[in-house]
Amino acid sequence: TVEAERAKSENKLKMSENNAISLYDILFNLFKKAISVAYPDVSDPPVIIISNSNERFGDYQCNSAMALSKQLKSDGITAKPRGVAENIVSKVEGSNLISKLEVAGAGFINIYLKKEFAQKTLNTLVKNGKILPPYIKKQKVIVDFSSPNIAKEMHVGHLRSTIIGDSIARLLEFLGHDVLRINHVGDWGTQFGMLIAHLQDRFPDYLSVSPPIADLQSFYKESKARFDTDEEFKKRAYNCVVKLQTSNPDMIKAWQLICDVSRKEFEKIYTRLDIKLIERGESFYQKHMETIVKDLEAKGLLEEDEGRKVMFSKRDNEIPLTIVKSDGGFTYDTSDMAAIKQRVEEEKADWVIYVTDAGQSMHFQVLKHCAERAGILKSCHRIDHVGFGVVLGNDKKKFKTRSGETVKLSDLLDEGLKRTLEKLKERERDKVLTEEELKIAQESIAYGCIKYADLSHNRNHEYIFSFDKMLEDKGNTAVYLLYALTRIRSIARTANISQEKLREMAENIPISLEHEKEWKLAKVLIKFPDVLIKITNDLYLHHLCEYCYEISCVFTEFYNNCYCLEKNDLGEIVNVNMSRILLTEATAIIMEQCFSILGLKSVAHM
Ligand code: ARG
């Protein structure tokens with residue numbers, strides 16, 4: 001297997017001509033091999049590699065020796081951690097990545113990287129004008145996100161799902177996966193019977209015209225109230241659902257008109273935020289629901305419970321899914337069971353990601369376990385529920401308008417635009433930029449800051465929606481980063497060096513990493529593939545935001561210490577350090593790629 005490992009890592013290096021290299025991956029494999037050669041009798045030895053922010057301890061560190069020494073001790077072998085570390089170091093194969101290994105302290109192995117590797121990587125990057133993704137095994141991934149409900153308001157929770165889901169999809173697309181972005185809208189079920197029955201009384205034109213959106217939501221509330229109190233109405237509503245679900249043409253027509261109104265409202269938000277997704281709501285699964293109920297029944301997986309048919313996951317503390325209601329109707333659970341089967345079996349999905357508020361985590365946990373129990377999911381499938389905390393207002397209470405109503409998303413976006421314009425005017429940008437440039441900057445900042453504020457926080461936490469905070473131009477905010485990138489890009493522009501020229505230069509001028517700050521910046525830049533791989537594992541996008549912020553801070557250190565352009569007293573450029581200009585371009589390319597994954601639009605002038 002040592003041979004196989006070697007073949008694998010050689011293959012990886014070959015692949016790397018077309019892909020960015022994950023340093024972590026390579027170091028992990030090198031040390032894994034060294035440890036297994038040094039301690040062939042230890043089964044499954046711990047391979048612990050971390051990246052260091054404090055250079056005194058090397059660029060990376062292998063911390064396996066301490067754990068290994070403990071493990072050996074329990075096998076009756078005494079070996080001091082330092083000795084174990086030295087033994088491992090002696091077995092690490094030569095590599096074009098490592099300049100030096102040293103054993104320090106209690107048994108830490110400090111790993112120092114070679115400059116040549118970083119230099120080559122960065123030169124190639126600028127030459128290509130883009131960063132390639134690290135190598136991954138291509139998979140079919142379904143990202144189920146946004147998913148508002150027809151006839152109801154799309155609220156800030158759906159906005160979070162939309163922003164997070166889009167960014168996850170962008171990341172996976174960049175990595176080369178085959179991604180299907182699905183909008184699982186709530187467009188089916190009893191509520192549509194209610195709504196149509198109510199329209200029959202209050203909006204007689206319901207078969208030919210869509211009710212106006214503002215009325216639709218109040219119709220919805222009124223119909224719900226009638227449904228809960230009026231028996232005759234309830235019967236008629238049920239009657240309508242049954243007709244709808246058996247494709248009665250009138251009912252379908254009315255339902256389609258209702259869906260259209262909501263759809264147009266949702267579309268407006270998606271267009272403004274540049275979000276692409278395919279609508280495939282609960283109604284899509286009607287036939288699939290009928291089939292899955294029969295399937296589950298035939299397999300003996302459904303149990304009677306006060307007239308309902310439920311399915312247990314057979315795991316401790318898990319509530320069952322309701323597959324058929326006592327009135328014979330289907331539920332949210334039924335549609336998700338049908339959908340997961342359709343996604344795995346028809347779409348051939350390897351991986352399904354659901355992005356909703358954390359309140360639904362139990363639902364998705366039970367769904368996964370039930371789908372496993374039903375034999376739909378196999379061990380090769382990956383299912384993630386990407387949950388997130390509630391959105392709070394500045395007062396730390398649930399996000400509402402002053403008068404206590406839910407905030408309309410379009411109003412929210414409008415306010416973002418308004419506030420951004422005020423800020424730009426405060427800085428007198430309106431005097432420098434053309435009208436068109438100003439508009440581009442305004443939209444990019446407003447929408448960018450709303451997305452970034454969401455993505456830069458750990459998604460599990462509650463999140464306080466505050467325009468004041470997100471529009472700050474200091475700290476880890478979209479405004480700060482967008483300005484940083486614009487400034488970086490303006491360096492080459494000031495020196496009159498075009499993008500084409502930069503690419504050409506990258507072929508002939510090696511990027512020097514002699515200065516301590518150049519080297520520090522380079523090391524941050526080549527971490528990019530590692531950052532993406534980590535996010536692919538845990539689906540926490542705030543790591544990427546932190547990484548962007550790190551790049552821009554380390555870039556500032558570099559820029560303050562290393563001149564790129566030298567000017568005389570008249571402000572004329574007298575000397576251009578080409579190698580450093582290339583390093584600024586490499587920085588810009590990576591930041592731009594991060595922005596693209598986060599859904600931010602960079603601007604040339606702001
Ligand atoms: N419509 C649901 C809601 O507003 C979200 C649907 C999420 N996707 C799913 N497959 N259940 O909460």
Side-chain angles (χ1 to χ4, degrees), residues 141-166 168-169 179-192 195 216-217 220-221 224 255 258-259 262-263 265-267 269-270 275 277-286 288-289 292 311 313 319 321-323 330-347 349 351-371 374 376-377 381-391 398-399 406-409 459 539:
V141 194
I142 292 183
V143 187
D144 172 323
F145 70 108
S146 192
S147 309
N149 301 312
I150 301 289
K152 290 196 214 162
E153 193 81 69
M154 181 172 175
H155 55 70
V156 280
H158 294 124
L159 181 64
R160 282 207 89 177
S161 172
T162 308
I163 291 169
I164 296 170
D166 176 57
I168 290 177
V179 180
L180 188 57
R181 299 157 158 259
I182 287 193
N183 198 5
H184 190 86
V185 295
D187 64 353
W188 211 229
T190 318
Q191 68 263 40
F192 291 91
L195 198 52
L216 188 60
Q217 277 140 20
Y220 180 82
K221 286 187 197 128
K224 174 96 180 77
W255 168 77
I258 294 170
C259 291
S262 287
R263 187 175 294 130
E265 279 304 294
F266 303 157
E267 270 315 319
I269 305 290
Y270 299 141
I275 308 281
L277 72 182
I278 294 168
E279 185 184 318
R280 190 185 280 173
E282 294 172 23
S283 63
F284 174 88
Y285 302 98
Q286 174 61 27
H288 299 82
M289 289 193 269
I292 193 133
M311 175 170 180
S313 63
I319 45 156
L321 295 179
T322 299
I323 302 295
F330 298 148
T331 71
Y332 189 56
D333 297 351
T334 328
S335 67
D336 266 329
M337 268 305 259
I340 204 166
K341 185 174 160 73
Q342 192 274 342
R343 290 169 184 184
V344 164
E345 293 178 4
E346 289 174 31
E347 298 294 345
W351 183 6
V352 185
I353 300 173
Y354 299 90
V355 189
T356 78
D357 61 288
Q360 298 195 40
S361 63
M362 184 52 120
H363 166 75
F364 288 106
Q365 185 184 317
V366 178
L367 175 70
K368 177 172 177 246
H369 291 152
C370 283
I376 296 166
L377 292 179
H381 296 116
R382 175 172 170 186
I383 306 294
D384 283 292
H385 173 235
V386 171
F388 51 80
V390 284
V391 184
K398 225 173 158 181
F399 193 61
T406 42
V407 179
K408 279 189 72 163
L409 292 189
R459 59 177 163 78
L539 302 173

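Both counts, for ligands and for their atoms, begin at 1 and track the order of listing.
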Quick one: sort the F192 and W255 rings into parallel, tilted or perpendicular, breaks at 30° and 60°.
perpendicular
Under 6.0 Å between ring centres, would you say that holds for F284 and H184?
no
Side chain to side chain contact (heavy atoms under 4.5 Å, CB included) filter on K152, not counting sequence neighbours, yields N149, Y220
Evaluate the side chain to side chain donor-acceptor pair (under 3.5 Å) criterion for residues S146 and Y270: first the C-alpha distance (whole Å), next the side-chain angles of each, then the deciding distance (0.1 Å), finally the verdict.
CA-CA 10 Å; S146 192; Y270 299 141; 2.6 Å; yes
Pairwise, report which nitrogen or oxygen atoms of ligand 1 are under 3.5 angstrom from protein nitrogen or oxygen atoms, and how far apart they are.
{"unit_1": "ligand 1", "atom_1": "1 (N)", "unit_2": "S147", "atom_2": "O", "d": "2.9"}
{"unit_1": "ligand 1", "atom_1": "1 (N)", "unit_2": "N149", "atom_2": "OD1", "d": "2.8"}
{"unit_1": "ligand 1", "atom_1": "4 (O)", "unit_2": "S147", "atom_2": "O", "d": "3.4"}
{"unit_1": "ligand 1", "atom_1": "4 (O)", "unit_2": "N149", "atom_2": "ND2", "d": "3.1"}
{"unit_1": "ligand 1", "atom_1": "4 (O)", "unit_2": "H158", "atom_2": "NE2", "d": "2.9"}
{"unit_1": "ligand 1", "atom_1": "8 (N)", "unit_2": "D144", "atom_2": "OD1", "d": "3.0"}
{"unit_1": "ligand 1", "atom_1": "8 (N)", "unit_2": "D144", "atom_2": "OD2", "d": "3.4"}
{"unit_1": "ligand 1", "atom_1": "10 (N)", "unit_2": "D144", "atom_2": "OD2", "d": "2.8"}
{"unit_1": "ligand 1", "atom_1": "10 (N)", "unit_2": "D336", "atom_2": "OD1", "d": "2.8"}
{"unit_1": "ligand 1", "atom_1": "11 (N)", "unit_2": "Y332", "atom_2": "OH", "d": "2.8"}
{"unit_1": "ligand 1", "atom_1": "11 (N)", "unit_2": "D336", "atom_2": "OD1", "d": "3.3"}
{"unit_1": "ligand 1", "atom_1": "11 (N)", "unit_2": "D336", "atom_2": "OD2", "d": "2.8"}
{"unit_1": "ligand 1", "atom_1": "12 (O)", "unit_2": "Q360", "atom_2": "NE2", "d": "2.9"}

Between Y285 and H288, how do the two ring planes meet: parallel, tilted or perpendicular, split at 30° and 60°?
perpendicular
Is it possible for you to check whether R263 lies under 6.0 Å from the centre of the six-membered ring of F266, through NZ or CZ, and within 45° of that ring's axis?
no
